Amino acid sequence: MQSTLSIRAPAPALAPFVQHYWRSLANTDVRHGVLPDGCIDLVLEVTGRRWRGWAYGSTTRPTAVDCAAGAHYLGIRFRPGGARHFLRAAAGELTDRREDAPPLSLVALDAVAEQVAHADVFAELDRRLAAVLQRTPPQPHPADLMVRRIEAAHGAIRIDTLAAQLGKSPRQLQRLFIETVGVTAKFFARVTRAGRAVQLIGAPDGGASLADVAAQAGYADQSHMTRELERLTGATPGRRVVFLQDPARAHGEY
């Protein structure tokens with residue numbers, strides 16, 4: 001079987017919680033790069049009739065994950081804070097770690113693993129995740145509003161200002177954010193700003209200089225942006241820099 005990668009958006013009702021689903025059939029990679037972005041992933045590895053699954057927490061540094069050549073992989077990339085509705089673990093317990101998924105997942109993973117190569121596996125994920133939300137309807141959380149405001153500002157927002165807007169102390173805000181997203185709000189703002197810079201660098205017109213990109217993304221100068229991207233991506237700014245674990249962003253698919 002030839003290796004294939006598929007990416008799908010979730011059903012509209014799940015979009016506030018799930019960024020996208022992805023599947024790699026007959027995987028050929030032996031390592032996969034993961035960069036910080038505040039997301040948690042639920043990943044299944046299927047080899048023949050056997051399967052394993054892990055919950056990967058938010059990362060605070062570039063990380064390489066070992067893969068099995070020839071195996072099928074199926075993943076759910078949750079939006080920042082979205083995993084709490086589907087996992088029996090606080091996001092802060094998973095930061096920079098992976099844990100066996102079966103004890104944590106509220107989704108019946110064995111049934112999903114059996115369908116990993118089927119065309120309707122993404123629809124099956126929609127059904128099973130929707131069933132979890134039906135059993136336990138989502139409740140609003142301050143971290144959700146924090147995520148939205150940080151993303152709306154492309155990371156260019158002071159955390160003490162955000163705390164004042166939400167009527168909380170910076171310490172309260174950070175504690176809630178770590179529990180729900182897995183990293184501090186300040187770190188998430190840095191990652192979001194870096195993502196904005198990467199997006200501008202990779203824009204189709206490619207017309208902006210790196211100095212202009214730094215200014216548009218809210219960095220003090222080009223050197224500041226370069227240092228941040230090196231810390232968060234392990235690479236200096238370039239026209240092909242992408243957040244590697246997000247193939248939808250890298251290849252424009254959805």
Side-chain angles (χ1 to χ4, degrees), residues 10 13-21 34-43 53-63 65 75-107 109 128-195 228 231-232 243 245-246:
L14 293 168
F17 317 106
V18 177
Q19 189 180 92
H20 64 257
Y21 305 131
V34 178
L35 304 182
D37 65 357
C39 294
I40 290 175
D41 288 85
L42 190 60
V43 179
W54 302 278
Y56 286 87
S58 300
T59 60
T60 60
R61 57 186 179 272
T63 304
V65 177
I76 305 170
R77 171 152 286 262
F78 295 107
R79 293 192 180 279
R84 73 180 188 274
H85 304 291
F86 307 97
L87 297 179
R88 298 184 184 92
E93 299 172 7
L94 297 173
T95 304
D96 287 322
R97 298 172 58 189
R98 81 171 189 182
E99 295 289 341
D100 288 341
L104 300 181
S105 177
L106 297 175
V107 181
L109 297 177
R128 292 190 176 275
L129 267 62
V132 172
L133 296 183
Q134 188 172 23
R135 292 195 300 269
T136 309
Q139 300 298 316
H141 192 284
D144 296 330
L145 182 56
M146 293 154 58
V147 166
R148 290 197 296 270
R149 292 195 178 180
I150 291 171
E151 290 180 335
H154 301 299
I157 186 170
R158 290 182 58 87
I159 302 306
D160 53 356
T161 299
L162 180 57
Q165 292 174 352
L166 299 177
K168 296 186 179 298
S169 71
R171 181 173 295 183
Q172 285 178 307
L173 185 149
Q174 296 287 21
R175 177 178 57 79
L176 290 170
F177 208 87
I178 291 172
E179 290 175 355
T180 307
V181 179
V183 295
T184 66
K186 183 176 181 179
F187 185 81
F188 182 67
R190 288 175 55 200
V191 168
T192 302
R193 181 166 57 175
E228 277 290 270
R231 292 188 189 104
L232 296 172
F243 278 74
Q245 76 273 32
D246 189 350

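Nothing here was measured: the structure is a model prediction, and the numbers come from that model.
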**Message:** When you measure from the side chain of R79 to the backbone of A15, do you find a donor-acceptor pair of N or O atoms at a distance under 3.5 Å?
**Reply:** yes
**Asked** What distance do I76 atom CD1 and Q19 atom CD have between them, rounded to the nearest 0.5 Å?
**Response** 13.0 Å
**Message:** For a quick test of reading the model, state the closest non-hydrogen atom pair linking P16 to A13 and the distance between them.
**Reply:** CD-O, 3.5 Å
**Closest heavy-atom pair and its distance - P137, Q134** = CD-O, 4.0 Å
**Asked** If you measure from CZ on F177 to CG on D144, what distance do you get to the nearest 0.5 Å?
**Response** 9.5 Å
**Request:** Go through the structure and list residues passing side chain to side chain contact (heavy atoms under 4.5 Å, CB included) with R193, not counting sequence neighbours.
**Result:** A217, Y219, H224
**Side-chain heavy atoms of L133 within contact of F86, under 4.5 Å** = yes
**Request:** For R61, check side chain to side chain donor-acceptor pair (under 3.5 Å) against everything at least two apart and list the hits.
**Result:** D96
**Asked** Are the side chain of T95 and the backbone of G182 linked by a donor-acceptor contact shorter than 3.5 Å?
**Response** yes
**Message:** I need the L162 CG to L166 CG distance, nearest 0.5 Å.
**Reply:** 4.5 Å
**Message:** Parallel, tilted or perpendicular, judged at 30° and 60°: which one describes the rings of F17 and H85?
**Reply:** perpendicular
**Prompt:** Side chains of I40 and Y56: does their closest heavy-atom pair fall under 4.5 Å?
**Reply:** no
**Request:** Test L94 against L87 for side chain to side chain contact (heavy atoms under 4.5 Å, CB included), laying out the working first.
**Result:** CA-CA 11 Å; L94 297 173; L87 297 179; 4.2 Å; yes
**Asked** Considering only heavy atoms from C-beta outward, does the side chain of P142 approach that of Q172 to under 4.5 Å?
**Response** no
**Request:** Work out which heavy atom in T180 is nearest to a heavy atom in L176; give both atom names and the distance.
**Result:** OG1-O, 2.9 Å
**Request:** Measure the spacing between CZ of R149 and OG1 of T192 and express it to the nearest 0.5 Å.
**Result:** 15.0 Å
**Prompt:** Is any side-chain heavy atom of I159 less than 4.5 Å from a side-chain heavy atom of T184?
**Reply:** no
**Prompt:** If every non-hydrogen atom of I150 is compared with every non-hydrogen atom of A185, which pair is closest and at what distance?
**Reply:** CD1-O, 3.9 Å
**Request:** Evaluate the side-chain proximity of L42 to S105: yes if any heavy-atom separation is below 4.5 Å, no if none is.
**Result:** yes
**Message:** Please find the pair of heavy atoms, one from D37 and one from P80, that lie closest to each other, and give the distance.
**Reply:** O-CG, 4.2 Å
**Prompt:** side chain to side chain donor-acceptor pair (under 3.5 Å) with E228: which residues, sequence neighbours excluded?
**Reply:** R190, R231
**Prompt:** When rounded to the nearest 0.5 angstrom, what is the spacing between CD in Q174 and CE in M146?
**Reply:** 7.0 Å
**Message:** Using the rule given for side chain to side chain contact (heavy atoms under 4.5 Å, CB included), can you reason through L35 versus L232, listing the C-alpha separation, both sets of side-chain angles and the distance that settles it, and then say yes or no?
**Reply:** CA-CA 7 Å; L35 304 182; L232 296 172; over 6 Å; no
**Asked** Do Y21 and L14 have side chains that get closer than 4.5 Å, going by heavy atoms?
**Response** yes
**Residue pair P36 / F187, side-chain heavy-atom distance below 4.5 Å** = yes
**K168 NZ to L173 CG distance, which is reported to the nearest 0.5 Å** = 8.5 Å
**Request:** Please answer whether the main-chain N or O of A156 pairs with a side-chain N or O of H154 as donor and acceptor at a distance below 3.5 Å.
**Result:** no
**Message:** Is there a side-chain contact between C39 and S58 in this structure, where contact means two heavy atoms from C-beta onward sitting under 4.5 Å apart?
**Reply:** no
